[in-house]
There are 2 protein chains.
Amino acid sequence: MKRKSKSQKVYDYIEELIISGEYKPGERLPSEAQLGETLKVSRVSVRAGIEKLSAIGLVHKKKGGGTYVNKPKNDNYLSVFTPTLLHNTDYLELMEIRRALDSLSVQLCTQNITEAGVRKLGKIIDRMEHLEEDDDFFELDKKFHLLVSKYSKNRFLHNIHLIIWDVLQKTLRPKYTKVTEPSAYDRVGSHKRIYEAIVHKDENLARIYTVHHLEKVIDTFKCEYNEAYQEAREKNQKKET
Amino acid sequence: MKRKSKSQKVYDYIEELIISGEYKPGERLPSEAQLGETLKVSRVSVRAGIEKLSAIGLVHKKKGGGTYVNKPKNDNYLSVFTPTLLHNTDYLELMEIRRALDSLSVQLCTQNITEAGVRKLGKIIDRMEHLEEDDDFFELDKKFHLLVSKYSKNRFLHNIHLIIWDVLQKTLRPKYTKVTEPSAYDRVGSHKRIYEAIVHKDENLARIYTVHHLEKVIDTFKCEYNEAYQEAREKNQKKET
DNA sequence: GGAAAAATGTTGTATTATAAGTTGTTTGTT
DNA sequence: AACAAACAACTTATAATACAACATTTTTCC
């Protein structure tokens, strides 16, 4: 099953090191030749991989200079949601956007959802209520909101949600349970309230519950935020030049 | 000033032909060798250019098969806003998203804007009011809303707006004046009302005016929409297989 | 006619070579 | 010592060629 191409191997390798913070914004990557040696692939494959990274705005190349990790401020706009940039404040910004977009998508969803769609949502709620380990809740949370956005029948909206959740999965997953643990009960109830509003075709109520739900998540995160922020500062101070 | 790289040349060339509809979704591109011959560049450069197109999800490659233009349904999610897909209904969907995002950004903008920012917005309003030719209104419209989103101090939000306006510029610019012509007076007034609400730090009013503004644009477009839809249908019928 | 096999076309990777830009060092002059 | 020019080393950009891996089309054979 190792059907991964060489260029993809390079791509994944570098992406991983950027996301993990091994390569920091502004820093220069090893030369193509070096990377090729490290990964045991030819320079052609290295270039192909880096080309992709540069296309989505994770890095940029300077002829004769080298390849550099992009800083957040660069608005090569395809990097709207490059995973690297998601720390603390960034996460809050993202949730603000979700508050706006989710309330729209739940509204449209209530208008357009089919009976089959309602059944699918119901199943997710059901699984949320009968959950043993906490590990799976992220998946269910994701599925629920993506299903809602799907039945909004707005393709762009759905795609944006796909991106957002992909980013959340990559960056937040590890600390997710921690973040939402205090409201372990509410998180199921929040979703159930939204679901029932959709069932009753009450788009206004669904929207209100969605906003409430997200504001609760934001609040919960803000409590953790101070901790995380402190940790980050300490870490940075250690590595200060 | 011909600082365009070979790979960029390839990228632009293919992108243009895809956007213009020369290469249609599902269609196979000429082989790398052929493209190289056409553009007088080596296969390496062709591959680099296509690599980028593939990274942002405009095309996909099949080893041994060829390179194909992606269909809209493919949710290789970086192609959220690939210009090609913007026709009629898509435009309405996009405006729905704007209604949600612009009301958020104008709200945040009102909270966070600086005095210098207010002055910049004022200048744009001023130029809107003293406009001779219609040609420039799109630029002013764009600048106004991007400035608002910039002062929302939410980087993701701003980036999404950058994408949206880039798409609008590429796809809608030609027929823009036509679409908004009926409301030639209102379009200045709409923006001015928003601006003044921002000046008076009334975020709620600013939000309401923004929603009104966008709903007006949507309505105006819906009138044109029927015409455009008819044209599209006729065109499709001609090319029916 | 249908299936197997061969031929052809296409992308993926490797190798080698050269051009062109960047950076740091050395050298030479004052 | 200070400064500038020249140089060397490194890096990305492009090119040309070759072959591998996979896909499609054509031919061959039964």
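Below, chains carry the letters A, B, ... as their sequence lines are ordered, and counting in each starts from 1.
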Notebook entry, point to check: What pairs with B:His161 under ring-ring contact (aromatic ring centres under 6.0 Å, His included), at least two apart in sequence or on another chain?
Noted result: none
Check: So A:Trp165 and A:Phe138, would you call those rings parallel, tilted or perpendicular, with 30° and 60° as cut-offs?
Finding: perpendicular
Note to self: I want to check one thing: is the phosphate of D:dA15, taken as OP1 and OP2, less than 4.0 Å away from some side-chain N or O of B:Lys6?
What the structure shows: yes
Check: What pairs with B:Glu27 under side chain to side chain contact (heavy atoms under 4.5 Å, CB included), at least two apart in sequence or on another chain?
Finding: B:Tyr23, B:Lys24
Notebook entry, point to check: Between C:dG12, D:dA13, C:dA14, which nucleotide has the shortest distance from any of its atoms to the side chain of B:Lys61?
Noted result: C:dG12
Next item on the list: Under the salt bridge (charged side-chain N to carboxylate O under 4.0 Å, His left out) rule, collect the residues that match up with A:Glu32, sequence neighbours excluded.
Entry: A:Arg43, A:Arg47
Notebook entry, point to check: D:dA13 C1' sits how many Å from B:Lys52 NZ, rounded?
Noted result: 11 Å
Margin query: Taking the nucleotide of DNA chain D with the nearest heavy atom to each, does B:Lys40 or A:Leu29 sit closer to the 5' end?
Written below: A:Leu29
Item checked: Whole-Å gap separating P (D:dT17) and CD (B:Glu32) -> 17 Å
Next item on the list: With sequence neighbours excluded, tell me which residues meet side chain to side chain contact (heavy atoms under 4.5 Å, CB included) with A:Val41.
Entry: A:Lys6, A:Val10, A:Leu39, A:Ser45, A:Val46
Next item on the list: Check the distance between C:dT22's C1' and A:His60's NE2 and give it to me in whole angstrom.
Entry: 13 Å
Check: Below 4.0 angstrom from OP1 or OP2 of D:dA15, is there any side-chain N or O of B:Ser45?
Finding: yes
Check: Is there a donor-acceptor contact under 3.5 Å from the side chain of A:Asp141 to the main chain of A:Phe137?
Finding: no
Note to self: Under 3.5 Å, is there any donor-acceptor pair linking the side chain of B:Arg43 to the base of C:dG12?
What the structure shows: yes
Notebook entry, point to check: Would one find a side-chain N or O of A:Lys63 under 4.0 angstrom from OP1 or OP2 of D:dT11?
Noted result: no
Between side-chain atoms of residues 146-153 of chain A and protein atoms elsewhere (two or more places apart, or another chain), which donor-acceptor pairs fall under 3.5 Å?
unit_1, atom_1, unit_2, atom_2, d
A:Ser149, OG, A:Leu146, O, 3.0
A:Ser149, OG, A:His158, ND1, 2.7
A:Ser152, OG, A:Ser149, O, 2.5
A:Ser152, OG, A:Asn154, N, 3.2

Check: A:Val44 or A:Ile50: which one's nearest nucleotide on DNA chain D is closer to the 5' end?
Finding: A:Ile50
Next item on the list: Could you please name the option among D:dA16, C:dT13, D:dT11 that lies closest to any side-chain atom of B:Ser42?
Entry: D:dA16
Notebook entry, point to check: Are A:Arg47 and D:dA13 close enough that a side-chain N or O sits under 4.0 Å from OP1 or OP2?
Noted result: yes
Checklist line | OP1 or OP2 of C:dT11 under 4.0 Å from side-chain N/O of B:Thr67 | finding: yes
Would you tabulate the nitrogen or oxygen pairs shorter than 3.5 Å linking the protein to nucleotides 23-26 of chain C?
none

Next item on the list: Figure out the CD/P separation between B:Gln34 and C:dT10, and round it to whole Å.
Entry: 6 Å
Note to self: Measure CZ/A:Arg28 against C1'/D:dC10 and give the value in whole Å, please.
What the structure shows: 8 Å
